[in-house]
Amino acid sequence: MTSSSGIQVTLHNADLWKKFNSPMEMIVTRKIGRKMFPILEYSVSGLNPTAMYEIYLHMERMDDHKYRYRNNEWENYARGDPITPVQKIKHQSGAQSGMFWMDGPISFEHIRLTTNSKAEKKDHIFLQSLHKWRPVVTVRKLENGDENPNFDEEFRIQNVWFIAVTTYQNPAIKCLKVENNKMASGFRSTGNHKNNLPTRGTKRTASETFPTLPSSTSPPSKMNSNGHFSNSHYSNQENFDFSMTGNSHQYWMNPNQNTWINGYNMEQQMEQPVINQWTMQNFGHPTNLNYEQYGNPNNTIGPEFYHGLNNFNCTSFQ
């Protein structure tokens, strides 16, 4: 739009606004207000490069009607609320030269829309919901460094207007905002906001977190200083002889077993430790008890227990 003085104001991000179907919807909230998207970003030309100017923005009611979204379209259904006084918000850059304003786009990204008529924050604009609003840009030329309303010129972009809503009514508008607003990536089905995060670690599968117990037919990967496997689980307990028990530095052996069992090469005959009263007491059992009196150790942990570990599923704990 060009004024009689030769000043021209255009919408700098017009291509983004054109992506949206009319009418545009803008969310308004009561407590802290809501920033606009798309934002209002203008370009100005025709200013005196050395003169000083201030840029203002306010919202103007377009008519005296109240609207509602019904049957996939907006319709006028009631008389509008009383029109409130104009609330002009000065651009946060303050007074600047014409060259400054013409050098780049003028963004009102900091503006917030609210339904709280008593909001006192300088960047909040009070709007009545379900009414049509048009942004208006005011260029004010300063005379001798002082504000002079007589030098105000207002600019309205014809196709830039919206309906204030407390929640989106048109699903198409909502989808377009989610797809084009980088701050709304968390609402996308792909969750694109997570794709740029640095990798913090490698996720392990259940088989890696809970590895399969060693096979009884293969040698161990590592033994400790006592010649024992660090995780001794007995996967073939039916054929294992528990008749010889000792302290933590001793082991059990079935002389008839001729394969590897959890880290022990059973093909070589190993000397059995001598069981006496001291070792039995140290092991925690008196010397005068037999299997029938304290139970058969083979029935304490059966092979089905270790079979359950092999089939362990971590989702059972979720």
Distance-only check: which donor-acceptor pairs under 3.5 Å involve side-chain atoms of residues 27-38, not counting sequence neighbours?
from, atom 1, to, atom 2, distance (Å)
T29, OG1, G33, N, 3.2
T29, OG1, G33, O, 3.3

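- Considering CG of L47 and CD of Q96, their distance stands at 12.0 Å, rounded to 0.5 Å.
- Of all the heavy atoms in A119 and H124, the pair that sits closest is CB-CB, 4.3 Å.
- Rounded to the nearest 0.5 Å, atoms CE (M26) and CD1 (I125) are 11.5 Å apart.
- Within the 4.5 Å cutoff, the side chain of S93 has heavy atoms near those of the W101 side chain.
- You'll find the side chain of Y42 reaches within 4.5 Å of the side chain of I157, heavy atoms only.
- The heavy-atom pair separating P135 from W161 by the smallest distance is CD-CA, 4.3 Å.
- Side-chain atoms of D103 do not come within 3.5 Å of backbone N or O of M99 as any donor-acceptor pair.
- Distance check: L142 CG to M52 CE gives 6.5 Å after rounding to the nearest 0.5 Å.
- Taken together through direct or relayed side-chain contacts under 4.5 Å among Ile, Leu, Val, Met, Phe, Trp and Tyr, M62 and V165 form part of one hydrophobic cluster.
- For W74, the side-chain hydrogen bond (donor to acceptor under 3.5 Å, both in side chains) partners two or more places apart in sequence, or in a different chain, are E25.
- Criterion: ILVMFWY side-chain heavy atoms under 4.5 Å apart, direct or through other members. Under it, I39 and I163 are not part of a common hydrophobic cluster.
- Side chains of H131 and M59 form no contact here, defined as non-hydrogen atoms less than 4.5 Å apart.
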(message) Please evaluate residues F108 and H91 with respect to the criterion ring-ring contact (aromatic ring centres under 6.0 Å, His included), reporting the C-alpha separation (whole Å), side-chain torsions for both, the decisive distance (0.1 Å), and the verdict.
(response) CA-CA 7 Å; F108 284 92; H91 192 276; 5.1 Å; yes
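- Cluster annotation: F126 and L130 are assigned to distinct hydrophobic clusters (Ile/Leu/Val/Met/Phe/Trp/Tyr, side-chain heavy-atom contacts under 4.5 Å, transitive).
- A salt bridge does not link K66 with E75: every distance from a Lys NZ or Arg NE/NH1/NH2 to an Asp or Glu carboxylate oxygen is 4.0 Å or more.
- Between E60 and R156, at least one side-chain N (NZ, or NE/NH1/NH2) sits under 4.0 Å from a carboxylate O, which counts as a salt bridge.
- Residues S107 and E41 approach most closely at CB-OE2, 4.0 Å, considering heavy atoms.
- For the pair R61/W133, a side-chain contact is recorded, criterion being any heavy-atom separation below 4.5 Å from C-beta on.
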(request) Take L127 and T115 through the side chain to side chain contact (heavy atoms under 4.5 Å, CB included) test and state the conclusion after the steps. (result) CA-CA 6 Å; L127 297 182; T115 57; over 6 Å; no
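- Shown here are the side-chain contact (heavy atoms from CB on, under 4.5 Å) partners of E120, two or more places apart in sequence or in another chain: there are none.
- Residues I111 and L113 form a side-chain contact, since some pair of their non-hydrogen atoms from C-beta on lies under 4.5 Å apart.
- With rounding to the nearest 0.5 Å, the separation of OG1 in T167 from OH in Y69 is 12.5 Å.
- Note that R70 lies outside the cation-pi zone of Y77, set by a 6.0 Å cut-off to the ring centre and a 45° limit from the axis.
- Partners of S43 under the side-chain hydrogen bond (donor to acceptor under 3.5 Å, both in side chains) rule, at least two apart in sequence or in another chain, are H12.
- Atoms CZ and NE2, from R112 and H110 in turn, are 11.0 Å apart once rounded to the nearest 0.5 Å.
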(message) Is there a side chain to side chain contact (heavy atoms under 4.5 Å, CB included) between I55 and V139? Walk through the geometry before answering.
(response) CA-CA 5 Å; I55 308 294; V139 178; 3.8 Å; yes
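- A distance-only check finds a donor-acceptor pair linking the side chain of Q128 to the backbone of P82 [under 3.5 Å].
- Counting only heavy atoms from C-beta outward, the side chains of I106 and L40 never approach each other to under 4.5 Å.
- When the side-chain contact (heavy atoms from CB on, under 4.5 Å) test is applied to N159, no partner is found at least two apart in sequence or on another chain.
- Side-chain atoms of T50 and N48 include a donor-acceptor pair closer than 3.5 Å.
- The residue from R140, R134, K88 that alone fulfils the salt bridge (Lys or Arg N to Asp or Glu O under 4.0 Å) condition with E154 is K88.
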(message) Would V136 and F155 count as a side chain to side chain contact (heavy atoms under 4.5 Å, CB included) here? Give the steps.
(response) CA-CA 6 Å; V136 180; F155 299 86; over 6 Å; no
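- In this view, Y168 satisfies the ring pair (Phe, Tyr, Trp, His ring centres under 6.0 Å) rule with no residue, not counting sequence neighbours.
- Side-chain contact between P49 and F100 is absent, with no heavy atoms from C-beta onward closer than 4.5 Å.
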(request) Under the side chain to side chain donor-acceptor pair (under 3.5 Å) rule, what do E153 and S5 come out as? Steps first, then yes or no, please. (result) CA-CA 9 Å; E153 292 191 60; S5 64; 2.5 Å; yes
(request) Please report the C-alpha distance between F20 and N170 in whole Å, then the side-chain angles of each, then the deciding distance to 0.1 Å, and finally whether the side chain to side chain contact (heavy atoms under 4.5 Å, CB included) criterion is met. (result) CA-CA 11 Å; F20 294 84; N170 186 348; over 6 Å; no
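- Rounding to the nearest 0.5 Å places CZ of F151 at 6.0 Å from NZ of K141.
- Between K132 and D63, the closest side-chain pair of non-hydrogen atoms falls below 4.5 Å.
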